[in-house]
Amino acid sequence: MYEVVIVMPTYNEAENIKKVIPSLLQILKESGIQGYILVVDDSSPDGTAEIAEEIGRETGLVGVLKRPRKLGLGSAYIDGFKHVIENMSMVKYVCEMDADGSHPAEILPEMVALAEKEGYDIIIASRYISRGRWEEKSLIRRIISRGANLLARISTGINVSDLTSGYRVIRLSVLKEVVDRLSELNSGYIFQVELIHLLHKAGARIGEYPLIFKPRMYGRSKLGKREIISFASWCIKNLVRRWIP
Ligand SMILES: Nc1nc2c(ncn2[C@@H]2O[C@H](COP(=O)(O)OP(=O)(O)OP(=O)(O)O)[C@@H](O)[C@H]2O)c(=O)[nH]1
Ligand SMILES: [Mg+2]
């Protein structure tokens, strides 16, 4: 029934989704894409799930997967993907998208069109290719992101400029091929790199599309020190695994 399902993990994004979901639905409508938004919410205390459910009742195009507590970004995507695979038919692509307004919905139709035209299995919206950029004021965050990408690239050997970008279109058929292995992946931010690594090993073709990444609209970041440490330790372990069989 749906061509594209946007899986959107949320934790305390009430103010953001009031804007992000309606504008995404508008873009889908204008571009003629049969789309559906699946919000995966971890019992956000600010009532994010209830707002998404209300929009769902009004439009019929938003569903909410509710989880009992904050279980991490990666595990939210895994549950969302499994839900799509098990319960929805005829879906061609899933899209990973943040709920905080950082990921412009306007480029989603172009990302899907690029996958269709060139036969890519994954399109990553990238800050680090020509015409892409990150409107981030904090120099520290920009350095962390560049460092994380460099480390992830060395660790996985995958020649993609923005392995940590969380805005992607993925062909569902390739995701189905690795579905049994998804639960082996970490639940934190390193999940994004691990997922590309897994799909790449399964033979997925990867393309990139320029992303102008904006700072979150409202609310607080969930990226903490623990995430950075677990990210770096996965990259180092993976590098050692690749070099020492
Ligand atoms: N369901 C769920 N969603 C999460 C969790 N952690 C983060 N998210 C969501 O994942 C998306 C990305 O998280 P962000 O906090 O925006 O991470 P970021 O983009 O690196 O950092 P900032 O934009 O600066 O805040 C957002 O939509 C969050 O609400 C989680 O544990 N569970
Ligand atoms: Mg964000």
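Each residue takes its place number in the sequence, starting with 1. Since the model is a prediction, treat every value here as computed from it, not as a measurement. All ligand and atom numbering here is 1-based and tracks the order in the structure.
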Engineer: For atom 32 (N) of ligand 1, which protein heavy atom lies nearest, and how many Å away is it?
Structural biologist: D42 OD2, 2.7 Å

Engineer: Can you label the angle between the H103 ring and the Y167 ring as parallel, tilted or perpendicular, going by 30° and 60°?
Structural biologist: parallel

Engineer: Counting only nitrogen or oxygen atoms and a 3.5 angstrom limit, does A76 reach ligand 1?
Structural biologist: no

Engineer: Does a side-chain N-to-carboxylate-O contact under 4.0 Å join E136 and R127?
Structural biologist: no

Engineer: Less than 3.5 Å between some nitrogen or oxygen of D100 and one of ligand 1, yes or no?
Structural biologist: yes

Engineer: Using a 3.5 Å cut-off on N or O atoms only, is F213 in polar contact with ligand 1?
Structural biologist: no

Engineer: When you look for heavy atoms under 4.0 Å from ligand 1, do you find them on the side chain of M8, its backbone, both, or neither?
Structural biologist: neither

Engineer: Between S102 and ligand 1, is there a nitrogen or oxygen pair with a distance under 3.5 Å?
Structural biologist: no

Engineer: Say whether G72 and ligand 1 are in contact under the criterion: heavy-atom distance to a ligand atom below 4.0 Å.
Structural biologist: yes

Engineer: So which heavy atom in the protein is nearest atom 9 (C) of ligand 1, and how far is it from that ligand atom?
Structural biologist: P9 O, 3.5 Å

Engineer: List ligand 1 atoms under 4.0 Å from R141, heavy atoms only on the residue side.
Structural biologist: 20 (O), 21 (O), 22 (P), 24 (O)

Engineer: Surrounding CZ of R57 (heavy atoms of other residues, nucleotides or ligands, distance under 6.0 Å), is the total greater than 12?
Structural biologist: yes

Engineer: Can you tell me the protein heavy atom closest to atom 19 (O) of ligand 1 and the distance?
Structural biologist: D98 OD2, 3.5 Å

Engineer: Using 0.5 Å steps for rounding, measure from the OG1 atom of T164 to the CZ atom of R153.
Structural biologist: 11.5 Å

Engineer: Which residue and non-hydrogen atom of the protein lie closest to atom 13 (O) of ligand 1, and at what distance in Å?
Structural biologist: Y189 OH, 3.3 Å

Engineer: Are side-chain heavy atoms of E208 and Y128 found at a separation under 4.5 Å?
Structural biologist: no

Engineer: Please name the residue in the list R67, R69, K70 that meets the side chain to side chain donor-acceptor pair (under 3.5 Å) test with D42.
Structural biologist: R67

Engineer: Which residue and non-hydrogen atom of the protein lie closest to atom 26 (C) of ligand 1, and at what distance in Å?
Structural biologist: E13 OE2, 3.4 Å

Engineer: Looking only at distance, does R216 have an N or O less than 3.5 Å from an N or O of ligand 1?
Structural biologist: yes

Engineer: Does R133 count as lying over the ring of F213, i.e. NZ or CZ under 6.0 Å from the six-ring centre, within 45 degrees of the axis?
Structural biologist: no

Engineer: For ligand 1, which atoms have a heavy atom of A99 less than 4.0 angstrom away?
Structural biologist: 27 (O)

Engineer: Just which atoms of ligand 1 are under 4.0 Å from any heavy atom in T10?
Structural biologist: 1 (N), 2 (C), 3 (N), 29 (O)

Engineer: Are the side chains of V40 and T10 in contact, using a 4.5 Å heavy-atom criterion?
Structural biologist: no

Engineer: Are more than 12 heavy atoms, taken from residues, nucleotides or ligands other than I143, located less than 6.0 Å from that residue's CD1 atom?
Structural biologist: yes

Engineer: Looking only at protein heavy atoms, which one is nearest to atom 8 (N) of ligand 1, and how far off is it?
Structural biologist: L73 CD1, 4.0 Å

Engineer: Could you tell me the residue and atom name of the protein heavy atom closest to atom 6 (N) of ligand 1, and the distance to it rounded to 0.1 Å?
Structural biologist: K70 NZ, 3.6 Å

Engineer: Does a side-chain heavy-atom distance below 4.5 Å link L28 with L108?
Structural biologist: yes

Engineer: Give me the residue, atom name and distance of the protein heavy atom closest to atom 21 (O) of ligand 1.
Structural biologist: S221 OG, 3.3 Å

Engineer: Looking at the Mg ion (ligand 2), which N/O/S atom of D100 is the nearest one?
Structural biologist: OD2

Engineer: Mark yes when over 12 heavy atoms from residues, nucleotides or ligands other than R131 sit less than 6.0 Å from its CZ; otherwise mark no.
Structural biologist: no

Engineer: Test D121 against every option in R205, K176, R171 by the salt bridge (Lys or Arg N to Asp or Glu O under 4.0 Å) rule and name the one that passes.
Structural biologist: R171

